[in-house]
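Numbers restart at 1 for each chain; the letters A, B, ... are given by sequence-line order, proteins then strands.
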Amino acid sequence: MAGWDIDVIMSNGNSVTAESIKLNIGNVDIESTLDGGQAFRWWHEVDGSYRGVIGRRALNIREISGGVAVTAVDGKPNAGIEHATNEYLGGAENLEKFRQLYASDPCLGPALRGYSGLRLLRQDPWECLFSFITSSTSNIPRIKLNVGAAAESFGYSIGPRPPDVTFPEPEVIIEAGENHLRELGFGFRAKYLVAAASAIASGAIKLHDLKEASYDDARAELVQLHGVGEKIADCVLAFSLDKPESFIVDRHILRALRKWYKLPVKASLSYAADWARGHFGEYSALANQYMFHRERLASRAAEWGGVHIEKALPEDGI
DNA sequence: GTCCAGGCCGCAC
DNA sequence: GTGCGGCCTGGA
């Protein structure tokens, strides 16, 4: 599975040789997967690769034919990187079935052809929860700014650059406190984050145990947290707690469901989520991510002059 | 200056 | 159960 080759990393002007590991895990669209609204600590490099952190390792990931190449940028041995990256990028079995089932779906078919390789991540649950509490009434650039600031302020350095840090444990966030988080720009979300950290540190909520729990039970646990509603809970369930049946509804998705699946204009967010879970079943989270990506690019294309979607999805005829 | 962003809470009705 | 105002703040 894993092959070897030699890369040259330019860091602080010095050249360092490091071995990269090739993972033949199938096509991965790293831009839409790592930097499309699931995770917020991946940074685009000038060569098109992405740099970020998985667990306690600072890594660089780039696309290669049939998979990705991963390089440690922390000067440590490669042990464990292959396994961790495989975990993080999720399995592809579901994706293959999903592709076959929805190839001719009017909304998802074009998206599957346009962004084939968009995957569901399997992130660390605490960082994921923290990130999506932060996402409330915010936008992706600002979420990246906030989450990155918290990581760099309170995380443990594991590499040469400032963003090469582990994500701070709940105990560290509690110690930092609401006011410090407000100073970093989290606004009204600061108190939610400290409360969530307390619930986890005290053991009132055991995030990792929710992986084994049913979707309904895990969701019910999460929404008890102050500042976590159905939407944020579904993000955490889909991106970190192995719940492929979760479906996230925001304004982009609601618009898509009305446009492509004839959902009533008056359908509430909660109704829409229930309908979509019934319709897509175990492929809900995947369908949701492709739909979100497509709709988000479409709205951005409109802002930029409306060319992006036609370029990405030629056969779609919007 | 205004408006909006991958929401949620508290409170009416 | 549905609707509405308020909440922080950076960027367009």
Between [N] atom [atom2] and [X] atom [atom1], what is the distance in whole Å?
X        : N      : atom1 : atom2 : result
A:Phe188 : C:dG6  : CZ    : C1'   : 9 Å
A:Asn146 : C:dG10 : CG    : P     : 8 Å
A:Phe186 : C:dG10 : CZ    : C1'   : 14 Å
A:Arg142 : C:dA12 : CZ    : C1'   : 15 Å
A:Leu145 : C:dG10 : CG    : C1'   : 8 Å
A:Asn179 : C:dT9  : CG    : P     : 12 Å
A:Lys191 : C:dC7  : NZ    : P     : 10 Å

Only one of A:Tyr88, A:Phe132, A:Phe40 forms a ring pair (Phe, Tyr, Trp, His ring centres under 6.0 Å) with A:Phe239, so which one is it?
->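 Only match with A:Phe239 under ring pair (Phe, Tyr, Trp, His ring centres under 6.0 Å): A:Phe132.
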With A:Tyr290 as reference, evaluate A:Phe98, A:Tyr115, A:Trp260, A:Phe247 under the ring pair (Phe, Tyr, Trp, His ring centres under 6.0 Å) test and give the passing residue.
-> A:Phe98
Between A:Tyr261 and A:Asp105, do the side chains contain an N or O donor and an N or O acceptor separated by less than 3.5 Å?
-> yes
Distance only, no hydrogens: is a donor on one side chain within 3.5 Å (strictly under) of an acceptor on the other, for A:Asn27 and A:Ser116?
->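 Yes.
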Describe the nucleic acid contact of [X] in one word from base, sugar-phosphate, nothing, applying a heavy-atom distance below 4.0 Å.
X        : value
A:Phe132 : nothing
A:Ile232 : sugar-phosphate
A:Asn288 : base
A:Glu183 : nothing

Now, which nucleotide makes the Watson-Crick or G-U wobble pair with B:dC4, with each of the two distances under 3.5 Å?
->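 For B:dC4, the partner nucleotide comes out as C:dG10, under the 3.5 Å rule.
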Tell me, please, whether A:Trp42 has A:Lys144 positioned over its six-membered ring: NZ or CZ under 6.0 Å from the ring centre and within 45 degrees of its axis?
->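 A:Lys144 over A:Trp42 ring: no.
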Say you pick atom P in C:dG6 and the same atom in B:dG6; how far apart are they, in whole Å?
->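 Pairwise P distance, C:dG6 against B:dG6, rounds to 23 Å.
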Atom P, compared across C:dC8 and B:dC11: separation rounded to whole Å =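 Roughly 16 Å separates the two P atoms.
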Checking only heavy atoms, does the side chain of A:Arg189 share a donor-acceptor pair with the base of C:dC7 at less than 3.5 Å?
->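 Donor-acceptor pair under 3.5 Å: no.
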Heavy-atom contact window of chain A on DNA chain B, given 5' to 3' at under 4.0 Å | B:dA5 to B:dG10
Short N-O contact, A:Glu295 and A:Arg255, less than 4.0 angstrom =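 Salt bridge: yes.
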Identify, residue by residue, the members of residues 221-230 of chain A with a heavy atom below 4.0 Å from DNA chain B, and return them in order of residue number, or none.
->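 Of all residues in residues 221-230 of chain A, the ones placing a heavy atom under 4.0 Å from DNA chain B are A:Leu225, A:His226, A:Gly227, A:Val228, A:Gly229, A:Glu230.
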To the nearest 0.5 angstrom, please state how far the NZ atom of A:Lys76 sits from the CZ atom of A:Arg56.
->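 Separation between the atoms: 7.5 Å.
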Could you point out which residue of A:Asp242, A:Leu210, A:Leu237 forms a side chain to side chain contact (heavy atoms under 4.5 Å, CB included) with A:Tyr215?
-> A:Leu237
For A:Arg41, which of A:Leu34, A:Ile54, A:Asp35, A:Val165 qualifies under side chain to side chain contact (heavy atoms under 4.5 Å, CB included)?
-> A:Val165
Step by step, work out the side chain to side chain donor-acceptor pair (under 3.5 Å) result for A:Ser49 and A:Asp47.
-> CA-CA 6 Å; A:Ser49 66; A:Asp47 65 358; 2.6 Å; yes
